[in-house]
Amino acid sequence: MFWFIFQVTAAEKKESSPDQLWHSRQTSNIHRTETQDYSCTVRNPGKEEMFNMDVAYSEQAAVLLKGSFLSEPRKLKDGNALTKFKIPKGRLGVTRIGDLSAQDMKKIPTLALIELTALCDILGFELKRNKAAKLKTTDKRLFGVPLNTLLENDQKLLPNTKVPLILQALLSCLEKRGLETEGILRVSGSQTRIKSLEQKLERDFYTGLFHWDAVHQNDVSGLLKRFIRELPAPLLTAEYLPAFAAVQNIPDLKQRLQALNLLILILPEPNRNTLKALLEFLSKVVARENNNKMNLWNVSTVMAPNLFMHKGLPDKIPEGKEKQLAEGAADVVRMMIHYQDLLWTVSSFLVAQVRKLNESNSKRYQFCDKRIKHLLRKIHADKDKVKKNQAEPCKIVKVHASLLLKDPLEVHLNNATRVADVLRQFQKNMCQRGWNVVNTVNLLKCNNSMECTNLLLYEVGGNIGEHCLDPDTYLLDLYHINPHAEWIIKQNPSYPRVF
């Protein structure tokens, strides 16, 4: 395991640092509601821009560098002026983290790391590696325990748990009673009470005897920060924490987000899921700014030390650089909170690379088969079939829904057929058979029409493990890319089953 450290070229080191002062972790007087001076630089502040995920980020950076398309950078003066980015949906839709199978997601970190290395090379950053410190063992059950250990223990109680139960409990308590509290996260609780609460949680949390109703909100927020700070390894991992911090050195906001997107994809799954749960909560805090007086910059300023200053890492901050590094870390947290939906997206070019890897592995397996001549003939026949299919304006395919229908549904595909159309056809087919759709599959009724809000269409097999499809995916295009896959309708796991 390694640390990644970016070294900025001499030209980039001359970039001016942010003007907004970030107080140290010990300073609690951050109660400010006036306009903040942010450090992000963008080409068109306040305007919506396209965030292209079809082309590799390194290729985009190379084109910009060659053409010198970037205009003069400008600093943002208001959080509301943050550039709005929109991911243009191609014919294959958008893939979010969680849409791919675990088997395919295991390939993503390596691919993302290769792309990050290429992007840094184009931007003029040097990637260095240092060994990470070994984790120390502890006799505690909650605080100071590695994420993997917490999840292993929690999954014995609740299988498929993806975020530690103690963190879920802390966030749930704050969401119920702390979002409206003025200065939440900023105002410190009683350190004596926090220490006592930690001891009680260690003893009673898993027995169900701990009562959250009697706990003060500021003490719970203190427990939350303590939980993150006392993890044996940083939540952003010792290997990649310097890389997250170095994102601040990239002048262009879009390229900062590209680097952050790749870094989040590189994170181990437990860290990524835990970080997402935290960021979703922080976003809810910011949304209640009018009541709790905690805007995006204040929340980022308070939380940055807990994510970026870790006791297990050597403190090698150059003298006189504390303010600049602190401001940059807060800016990175601000971007992760504000752009988390974008950052938790798997770029289309990475999904395409996963497909190529799967095809390569499949061909390698076929090559080792004794009946090689027969299989090679079959491969060529399949290629001819695909080419023929690509020339066809329409196609009839079968969609399976074994949990709901015994026989597969025949679907006529043309260039305009989307996933949403197939789900509506499936619903119509069920209605024609006399099924009570609302009571059977818990569909929601809206504007006198049925919407298949709890049904999902999956692409399974071929050159992909399992892929939950975007409702706007054009299926004929997908068929041409993966003609050997099966399409299966399943119920959304976030909706309860009622049959």
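Nothing here was measured: the structure is a model prediction, and the numbers come from that model.
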A.B. asks: Any non-hydrogen side-chain atom of Glu115 less than 4.5 Å from a side-chain atom of Ser58?
C.D. replies: yes

A.B. asks: Would you say that Trp344 contacts Asn261 through its side chain, given a criterion of any heavy-atom pair below 4.5 Å between the two side chains?
C.D. replies: no

A.B. asks: So does Met50 get a backbone contact from the side chain of Lys254, meaning a donor-acceptor N/O pair under 3.5 Å?
C.D. replies: yes

A.B. asks: Determine whether a donor-acceptor pair (N or O, by modelled atom type, separation under 3.5 Å) exists between the side chain of Ser300 and the backbone of Leu296.
C.D. replies: yes

A.B. asks: Answer yes or no: is there a side-chain heavy-atom contact under 4.5 Å between Leu201 and Leu223?
C.D. replies: yes

A.B. asks: Look up atom OH in Tyr240 and atom CG in Leu263, then write down how far apart they are to the nearest 0.5 Å.
C.D. replies: 9.0 Å

A.B. asks: When you measure from the side chain of Gln340 to the backbone of Ile337, do you find a donor-acceptor pair of N or O atoms at a distance under 3.5 Å?
C.D. replies: yes

A.B. asks: Can you list everything that forms a side-chain hydrogen bond (donor to acceptor under 3.5 Å, both in side chains) with Arg141? Sequence neighbours excluded, please.
C.D. replies: none

A.B. asks: Please answer whether the main-chain N or O of Lys86 pairs with a side-chain N or O of Glu48 as donor and acceptor at a distance below 3.5 Å.
C.D. replies: no

A.B. asks: Say whether, by atom type as modelled, one donor and one acceptor occur between the side chain of Arg334 and the main chain of Trp297 under 3.5 angstrom.
C.D. replies: no

A.B. asks: Excluding sequence neighbours, so at least two apart, what forms side-chain hydrogen bond (donor to acceptor under 3.5 Å, both in side chains) with Glu459?
C.D. replies: Arg355, His467, Asn482

A.B. asks: I'd like to know if the side chain of Thr473 and the backbone of Leu92 have a donor-acceptor N/O pair within less than 3.5 Å.
C.D. replies: yes

